[in-house]
Amino acid sequence: MICKNCNSEVPEGESFCPVCGQKMDPEMSVVSEKNGTGTAEDKAYFEFEAAGQEVDVKPPEKSKRKKIAVIVAAVLVLLIGIGVTAHAQIANFIKKNFGSTVEYYRYVETKNRDAGEEVFSKQYKAYYDSLCADEWKENVTYKLELGQTLKTMLSMTGTDFSALNDTGLVASRKRSGGVSQSRIRGCINGQDVITLNMYVDMANSEGYVQIPEISSKYVDFSENFKLFKDFNLGGGNVFLNGGMSYLPEPEKMRNLLITYSDIAIRNMDSVEKSSGELEAGEVKGNYTKFTVTCKGKELFAILKDMMNNMKDDPNIKAMEDKFGEGAYDSFSKSLQEEIDDLNSQEGEVTDEDLQMVMDVYVDGDGKIVGRVIDLKSKDGETFKMTFSQPENGSEIGMELSFALNGVTYVSLAGKGIRKDGKISGEYKVSLDESINPSKENIVSTKDLVTLKVTDLDEDKLAEGYMNGSITLSSSGTTFSSYSLQLDVNGDKENRNSSITVLCGGDKLVTLTVLSDQKDVPEIKKPGEGDELCDASNDDAMEAYNKEADPEKILAGIKEKCGVDLSAYLKLIESFMEQNTFDPYAEREYDLNENDLEDYDLLSPL
């Protein structure tokens, strides 16, 4: 048979054309010359003859027909691929060129909101899971390393620090079925010196702690959970599920963000579109510019819309499960009082009470690269927030600033270079002199802090994880010879970050934090044969404390790690004695007549 759609030969018995996929209908297909019932030319001739026409039909060659079919298929595949990979660009093009100004503005705001919300939600979920998830595990290592320069400086106190290279903690924690298990190991020079094992079952009010280096006994603090259960917030126990049970679930938090940002976006009706230049950090770019105006009555309507939506918001109603019975009723009552108060003011609000003008700069892909918000009240007070991130080739400018009544109090500005998906650059933080926190130590608040960014990974940042290096330094203070370097590398499964204090080029001290979600050691609940010490029993705890011989622990550390901690402890005790505040020490006070009158009123009869 011959396919009537593409004229390709189809083997007998096939239901579909192997070239174009056309379903084969024996009555409609062209008969092949191989089956002896006629040729393609005969079929076409008889069809046109019946219509009273003569025609000379010559079918295309098979190879040419197949080439045409392959080309058509390739073009279709290409178009589908472009449609999938460039969906955002195509949607942006259509909205920009065929939609109204207000429609395109709302599309841009929604698109950028969704992108930001995705990053925030990933970070929030990781935070929520670490505190509240039913199933969770993590290993975290904290390591503090002393550099040679710092050890030399500390040794000037008369205590030898040369043997102390590093100290640290290794915390392994997991939560499953309402039971939390933790093991914390204290380390010196890479050697374990002390261990804390903890088993907590909040649902059954059980908790046990063991320090094997001190005693084989378990300290039973189960009775202390009564204190936790008595500490309620709105009727709910805030200590359940890791102590942060009042946090909204990630999905509810996401819904809240989308719901109330949508209300603001859909109420922005006064929008003008033009082209505008954006500049930051000596980098300039031309963009589509939206100027959004929202006056007093409109802002008032947005606030009312949000508050009315809160009354029936299921995500807010769910707070009752978090804070206990009656929590939502109390909130709802307060909310209704606020709504009633707003309704009573509705006729008094004017457009002059508060005006907002917002300029939004958008690139060709619909990405917001700048936003300037100007607020002005009826009494003439102004507030301005500026965010700009223009691009010119590989250069990326940056400015973030806040101004009140024409005075820029805080600003962050600079530029970076993008290369291979990573950004490196230099940015400076400036303060207005009026908020100088320490005029004795800070010579100038202009360019107070310099942030040097190196190899900041944009793809990882979009996923919610910072990978790269940031160095903070200051040239306008008495600490100009010092700097702080932050190095971060990681993803959802593993994270590695470090903070280093530098003096010149020397490392004084480095704090390194490593975390992963690998297997965590099993901490078992004390069983038969294990000796318990009741933490609520003073006599029992006194007997337990007698077993905790500090000298024995210090001797073991000195033998195992080569470090004499007793000398360090004496140094710390001496420092604390010199800096202890004595509330009963005699001091001179300047009292005026009003102070004495207040004292007489407050003093007992």
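Remark: Tyr482 pairs with no residue by the ring pair (Phe, Tyr, Trp, His ring centres under 6.0 Å) rule, at least two apart or across chains. Partners of Ser444 according to the side chain to side chain donor-acceptor pair (under 3.5 Å) rule, which considers only residues two or more places apart in sequence or in another chain, do not exist here. Judged as a side-chain contact (heavy atoms from CB on, under 4.5 Å), and not counting sequence neighbours, the contacts of Asn494 are Asp491, Asp516, Lys518.
Looking only at side-chain heavy atoms (C-beta outward), Met398 and Val283 stay at 4.5 Å or farther from each other. Under the 4.5 Å side-chain criterion, counting only non-hydrogen atoms from C-beta, Ile435 is not in contact with Thr445. By the 4.5 Å heavy-atom criterion applied to side chains, Asn139 and Val520 are counted as neighbours. Between Asn112 and Val108 there is a side-chain heavy-atom pair separated by less than 4.5 Å. Residues Ile417 and Ser424 are not in side-chain contact: their nearest non-hydrogen atoms beyond the backbone lie 4.5 Å or more apart. Asp313 has its side chain within reach of Leu256: a pair of non-hydrogen atoms, C-beta onward, lies under 4.5 Å apart. At a threshold of 4.5 Å between non-hydrogen side-chain atoms, the residues Arg113 and Ile258 count as touching. A heavy-atom distance below 4.5 Å is found between the side chains of Val501 and Leu484.
Across Leu299 and Cys294, no two heavy atoms sit closer than the pair CD2-SG, 3.6 Å. Heavy atoms only, all atoms of each residue included: Arg495 and Tyr465 are closest at NH2-CE2, 3.1 Å. What you find for Ser434 and Tyr409 is that their closest heavy atoms are OG-CE2, 3.4 Å. Heavy atoms only, all atoms of each residue included: Tyr427 and Leu412 are closest at CB-CD1, 3.7 Å. Closest approach of Ile423 and Glu458 over heavy atoms only: CD1-OE2, 3.4 Å. Considering every non-hydrogen atom in both Glu279 and Glu399, the closest pair reads O-OE1, 4.2 Å.
Ring geometry for Phe331 against Tyr328 counts as tilted: the plane angle lies between 30° and 60°, on a 0 to 90° scale.
The OG atom of Ser274 sits 5.0 Å away from atom NZ of Lys289, with the distance rounded to the nearest 0.5 Å. Atom OG1 in Thr510 sits 9.0 Å away from atom CG in Asp487 (nearest 0.5 Å). One distance of note links CG of Leu335 with CG of Asp340; it measures 9.5 Å at 0.5 Å rounding. Going from atom CG of Leu144 over to atom OG1 of Thr167 covers 4.5 Å, rounded to the nearest 0.5 Å. One distance of note links CD of Glu251 with OH of Tyr124; it measures 11.5 Å at 0.5 Å rounding. For the atom pair Arg173 CZ and Ser182 OG, the distance stands at 6.5 Å (nearest 0.5 Å).
Between the Asp363 side chain and the Asp365 main chain, a donor and an acceptor come within less than 3.5 Å of each other. The backbone N or O of Ser474 sits nowhere less than 3.5 Å from a side-chain atom of Ser480 that would complete a donor-acceptor pair. Side-chain atoms of Asp305 do not come within 3.5 Å of backbone N or O of Ala301 as any donor-acceptor pair. Using modelled atom types, no side-chain atom of Gln336 and backbone atom of Lys333 make a donor-acceptor pair closer than 3.5 Å. At distances below 3.5 Å, not a single donor-acceptor pair connects side-chain atoms of Glu348 with backbone N or O atoms of Gln345. Not a single donor-acceptor pair under 3.5 Å links the side chain of Ser481 to the backbone N or O of Cys503. For the pair Asn489 (side chain) and Asn467 (backbone), a donor-acceptor distance under 3.5 Å is absent.
Using a 4.0 Å cut-off between charged side-chain N and carboxylate O, Asp519 and Lys137 make a salt bridge. Residues Lys122 and Glu118 are paired through a salt bridge, judged by an N-O separation under 4.0 Å between the basic side chain and the carboxylate. Taking a cutoff of 4.0 Å between a charged side-chain nitrogen and a carboxylate oxygen, Asp129 and Lys125 qualify as a salt bridge.
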When you look at Ile302 and Met268, which way does the side-chain contact (heavy atoms from CB on, under 4.5 Å) test go after all the steps?
CA-CA 9 Å; Ile302 293 173; Met268 297 299 174; 4.2 Å; yes
Any chance you could lay out the side-chain contact (heavy atoms from CB on, under 4.5 Å) test for Glu338 and Met310, step after step, and finish with the verdict?
CA-CA 12 Å; Glu338 293 293 331; Met310 288 180 184; over 6 Å; no
Going through the distances and angles, do Leu461 and Lys422 end up as a side-chain contact (heavy atoms from CB on, under 4.5 Å)?
CA-CA 10 Å; Leu461 198 62; Lys422 296 181 179 180; over 6 Å; no
After noting the C-alpha distance and the side-chain angles of Tyr107 and Glu103, does the key distance pass the side-chain contact (heavy atoms from CB on, under 4.5 Å) rule?
CA-CA 6 Å; Tyr107 164 77; Glu103 287 175 337; over 6 Å; no
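Applying the ring pair (Phe, Tyr, Trp, His ring centres under 6.0 Å) test to residues at least two apart or on different chains, none of the pairs has a partner in residues 376-402. For residues 370-381, every residue pair satisfying the salt bridge (Lys or Arg N to Asp or Glu O under 4.0 Å) rule, not counting sequence neighbours, is listed here: Glu109-Arg371, Asp353-Lys378. Annotation: ring pair (Phe, Tyr, Trp, His ring centres under 6.0 Å) contacts involving residues 274-295, sequence neighbours excluded, comprise Tyr104-Phe290, Tyr105-Phe290.
For Lys452, the NZ atom is loosely surrounded, since the number of other residues' heavy atoms within 6.0 Å does not exceed 12. Taking a 6.0 Å sphere around CD of Glu272, one finds it holds 12 or fewer heavy atoms contributed by other residues, nucleotides or ligands. Counting heavy atoms of neighbouring residues, nucleotides and ligands inside a 6.0 Å radius, atom NZ of Lys304 exceeds 12 of them. Atom CD of Glu282 sits in a sparse spot, with 12 or fewer heavy atoms from other residues, nucleotides or ligands closer than 6.0 Å. The number of heavy atoms from other shown groups lying within 6.0 Å of CG (Asp420) does not exceed 12.
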